[in-house]
Amino acid sequence: MTTLPLDHDTQDMRRGACPALSAPMMTGDGLLARISLTGAITPKELADICRLAKRHGNGMIDISARGNLQIRGLSETSAPRLDADVRALNLPLRDGLAVEVPPLAGQDESEIADPRPLAEAIRDGARTITGLAPKMAVVVDGGGRLRLSHLLADIRLVAISETEWRLTLGGTEQSGRIFNVLRETLVVDTVLALLKRLASLGNKARGRDLARDIPVSETAPHTQPSSSGLSRGSTGVEVFDADRMPGTSPSMTAQNASASPFDLFALSDDLHAVGIGPAFGQAKSESLIALCDEATRLKVKSAKQALDHALLFTGPEIACRKLQAFAGDCGFITSASDPRSHIAACPGRPACNSATIATHEIAAAAAAECGDLIDGSFKLHVTGCAKGCAHPEPAALTLCGTADRVSLIAAAKASGQPFAFAHFADTNATLRRLSDLVRRERRPNENSADCLARIGSARLAAAATGRP
Ligand code: SF4
């Protein structure tokens with residue numbers, strides 16, 4: 001029998017730990033292993049993974065916000081068996097640096113450029129770079145309908161034309177620091193040079209560290225920007241000085257914000273894709289197996305992990321529509337109008353040792369009772385602790401479990417300053433009071449996010465505590 005080389009560090013719920021397939025991480029319900037795929041698989045292969053989750057784990061599967069499958073409830077004995085059995089399926093498992101592209105890349109006629117060749121070249125080139133942070137991530141986003149704008153990335157490339165890519169460091173597309181705009185022929189070498197620099201800084205260095213340490217001018221120390229902003233540095237690298245570019249700034253708003261994956265998408269080659277996901281990113285194996293079996297019966301060609309805890313099934317339009325209806329009947333999220341698609345909830349109790357609240361129960365009640373509040377203008381964040389795994393970015397409203405109660409936070413991360421607290425048993429009643437306030441106060445054409453921001457913390461605190 002093979003056993004995993006699990007040491008205490010591996011099993012520790014340390015921040016930043018990445019539960020890969022061969023290096024699972026301890027959680028409240030046992031070890032958790034992550035399966036990252038670089039391409040589509042068949043519905044039958046996805047069902048095979050679910051059967052392995054049932055055989056080796058507790059049968060619960062997470063689909064993470066980045067679209068990875070996470071198998072829960074493994075033991076030190078069963079985790080290596082899962083590892084071996086998954087590898088025997090010959091799936092396109094990610095090996096090495098995470099270089100992510102949008103789920104419709106190459107099939108979306110509205111995308112500006114196909115990001116896959118660049119992503120593949122970066123993935124290949126990075127194989128010889130050692131010492132990078134375990135959760136280092138590169139995003140290559142060619143535009144189109146499903147963007148990766150809200151995912152955190154150490155290095156992000158966004159197509160701004162068929163031959164030019166904007167490179168940002170750290171953060172989301174909106175919050176990342178613009179490094180420069182590169183011609184396509186320079187992208188791979190530049191990204192690999194940045195990765196080598198990060199590796200030289202140690203395995204804790206992240207893109208945001210480079211963003212602090214490398215001013216845009218360093219890439220072109222002796223340049224004389226032309227009126228168009230394009231210039232040639234001493235390294236021969238042609239750069240775009242973003243600070244000199246009219247209409248751009250490091251805080252520029254992400255363009256072409258992503259649509260929800262919970263929809264039906266027309267693709268090239270007469271194919272369609274339908275986005276389907278379990279509530280709050282977690283499903284029982286049996287439910288996913290039933291969905292995959294139906295997809296196979298309908299001759300749906302492939303399944304792919306997507307963003308926002310969704311799976312994208314691709315096939316003929318009629319098959320996708322039938323699968324969408326089947327999934328809806330089985331309780332999956334199939335539409336952006338489903339309030340559950342606008343709630344980010346981590347596994348919470350009892351799945352995670354750090355959680356003090358049952359996040360999914362709270363989130364389910366919120367979706368049923370607070371439709372006025374959850375209008376799609378923001379993600380309601382329900383988190384078992386201040387780490388905020390499900391939504392690392394600021395949210396308009398967060399409910400966060402603490403040792404003895406639930407904190408309520410506005411316009412900040414889960415670790416932000418609370419404006420009020422609720423007793424555990426009063427959590428959903430408190431949220432209903434806030435929802436009622438927004439319904440009463442919302443102005444014509446104002447959405448919930450804007451209304452919450454306008455109301456402000458003092459009045460939110462009064463409403464949360466039931467004061468008039
Ligand atoms: S945010 Fe949730 S899943 Fe992450 S450590 Fe805290 S309780 Fe656990």
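Numbering of ligands and ligand atoms starts at 1, following listing order. Hydrogens, waters and symmetry mates play no part in the numbers below; they use all other heavy atoms, side chains included.
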Go through the structure and list residues passing side-chain contact (heavy atoms from CB on, under 4.5 Å) with Thr430, not counting sequence neighbours.
Leu408, Ala422, Asp426, Arg433, Ala464
Using a 4.0 Å cut-off to any heavy atom of Cys389, which atoms of ligand 1 qualify?
1 (S), 3 (S), 4 (Fe), 5 (S)
Out of all atoms in ligand 1, which are within 4.0 Å of some heavy atom of Thr383? Include the element for each.
1 (S)
Please determine whether the number of non-hydrogen atoms from other residues, nucleotides or ligands lying under 6.0 Å from atom CG of Asp95 exceeds 12.
no
Testing the basics here: between Ala273 and Thr314, what is the closest heavy-atom pair and its distance to 0.1 Å?
CB-OG1, 3.8 Å
For the student: nearest non-hydrogen atoms of Asn203 and Pro134, plus distance
O-CD, 3.7 Å
Using a cut-off of strictly less than 2.8 Å, determine whether Cys346 has an N/O/S atom near atom 2 (Fe) of ligand 1.
yes
Any atoms of ligand 1 less than 4.0 Å from a non-hydrogen atom of Pro347? List them with their elements.
3 (S)
More than 12 heavy atoms of other residues, nucleotides or ligands under 6.0 Å from CZ of Arg349: is that the case?
no
Cys352 near atom 8 (Fe) of ligand 1 via N/O/S, less than 2.8 Å:
yes
Against heavy atoms of Ala355, which atoms of ligand 1 measure under 4.0 Å?
7 (S)
